[in-house]
Amino acid sequence: MAPPLSIPLLLACCLWAALAQSDSAKKSIWDDPIKFNSKAKDACLMHVSGQGDYTKLRISCRNKASSYYCDYQGKPNFCRAYSNNPRHYFTQIMWDLRKQTNACQGPKVLRALMCKKAPDEAQMTFVSSWPKPAAPKQTAKITYERKPATQKPAANKPPQPAPARPGARAPQPKKPTPKTTRGQTTPRPTEHGGESRAVKLAQEYCWKSLQGVCAYFISWFHRN
């Protein structure tokens, strides 16, 4: 028979092994960060810590130009699958974060696939980040003023004369000058006075029978 002290010693060894296993699991979560690279090749680390009833997750990344970090918190212990394998819970979150160009500009709520159907309290919710993302610039709206439409002058409306100055004499309207058309000649007025004079001279100086012929020649000489 085994001595009676062997049974307690065996139980102690089993309990010590269980505690050591649980301590190593906790150490793998709390002390050993999860490493990954973002889509832009930023080197990132995931640190998990406890803060009261909440579990806190810090994601810190660095590249050649700068560094940044962001914090999430939640109660993943509300998910039964998390209690069975806590590190795999955050490994699934890491798989989604490495698809982002900037690991801190991903979704505001991180949902592990194993606890996707768990309540919202079990999910990791965004708290803060550094540096803060720049607010999008608002483009200024350009307004165009409409100019009033200018009224076109009427086609048949004559231009209005400028108002006369006080004391100035109004211009007299010009009389229209008759235009003479080419080819038209003005008839010369007939000299009735010359013909009567020629008749008188013919009566005085010619015979009675020749007075008509004399009057014709006298008037002809007067015309020329």
Side-chain angles (χ1 to χ4, degrees), residues 2-141:
L5 293 177
S6 61
I7 296 175
L9 183 61
L10 183 61
L11 292 175
C13 291
C14 292
L15 181 61
W16 177 81
L19 291 174
Q21 185 177 2
S22 63
D23 289 341
S24 62
K26 287 183 178 179
K27 184 178 181 181
S28 64
I29 300 173
W30 309 117
D31 301 332
D32 189 15
I34 299 175
K35 300 178 181 180
F36 69 96
N37 292 331
S38 68
K39 190 176 180 179
K41 305 301 181 182
D42 297 341
C44 301
L45 296 175
M46 293 176 60
H47 295 273
V48 182
S49 61
Q51 188 176 8
D53 296 336
Y54 288 91
T55 299
K56 185 177 180 181
L57 170 64
R58 168 162 287 192
I59 304 168
S60 57
C61 301
R62 181 183 297 274
N63 53 38
K64 294 181 180 179
S66 61
S67 61
Y68 57 90
Y69 69 84
C70 51
D71 294 329
Y72 289 80
Q73 70 178 14
K75 295 180 179 180
N77 55 335
F78 281 17
C79 174
R80 184 177 298 178
Y82 171 82
S83 302
N84 296 333
N85 195 345
R87 188 173 180 84
H88 189 61
Y89 173 89
F90 290 103
T91 302
Q92 288 184 347
I93 290 178
M94 179 268 294
W95 291 344
D96 292 334
L97 292 176
R98 68 182 182 179
K99 299 176 183 177
Q100 304 293 331
T101 303
N102 187 315
C104 286
Q105 293 182 0
K108 298 299 182 183
V109 179
L110 302 178
R111 297 177 181 270
L113 184 62
M114 59 193 295
C115 294
K116 191 173 184 179
K117 295 182 179 180
D120 293 340
E121 290 181 330
Q123 313 302 333
M124 303 303 293
T125 306
F126 176 82
V127 177
S128 61
S129 64
W130 183 91
K132 293 183 178 180
K137 295 182 180 180
Q138 294 182 355
T139 56
K141 294 183 178 179

For Arg62, salt bridge (Lys or Arg N to Asp or Glu O under 4.0 Å) partners two or more places apart: none
Please report the shortest heavy-atom distance between [X] and [Y], naming the atom on each side.
{"X": "Ala103", "Y": "Tyr68", "answer": "N-OH, 3.4 Å"}
{"X": "Pro33", "Y": "Arg87", "answer": "O-NH2, 3.9 Å"}
{"X": "Pro76", "Y": "Tyr82", "answer": "O-CB, 3.3 Å"}
{"X": "Cys104", "Y": "Tyr69", "answer": "SG-C, 3.4 Å"}
{"X": "Gln100", "Y": "Gln105", "answer": "OE1-O, 4.2 Å"}
{"X": "Lys39", "Y": "Lys99", "answer": "CD-O, 3.5 Å"}

Roughly how far, to the nearest 0.5 Å, is the [atom2] atom of [Y] from the [atom1] atom of [X]?
{"X": "Cys70", "Y": "Leu57", "atom1": "SG", "atom2": "CG", "result": "7.5 Å"}
{"X": "Thr55", "Y": "Asn77", "atom1": "OG1", "atom2": "CG", "result": "5.5 Å"}
{"X": "Met94", "Y": "Asn37", "atom1": "CE", "atom2": "CG", "result": "10.0 Å"}
{"X": "Asp53", "Y": "Gln73", "atom1": "CG", "atom2": "CD", "result": "11.0 Å"}
{"X": "Ser83", "Y": "Tyr89", "atom1": "OG", "atom2": "OH", "result": "11.0 Å"}
{"X": "Asn85", "Y": "Gln92", "atom1": "CG", "atom2": "CD", "result": "9.0 Å"}

Lys/Arg cation over aromatic Tyr72: Lys56, 6.0 Å, 45° cone: no
Do Phe36 and Ile59 come within less than 4.5 Å of each other through their side chains, counting heavy atoms only? yes
Using side-chain hydrogen bond (donor to acceptor under 3.5 Å, both in side chains) as the criterion, list what pairs up with Asp71, not counting sequence neighbours. Arg58
Side-chain donor-acceptor contacts of residues 109-121 below 3.5 Å, not counting sequence neighbours, with atom names and distances?
from	atom 1	to	atom 2	distance (Å)
Arg111	NH2	Asp120	OD1	3.3

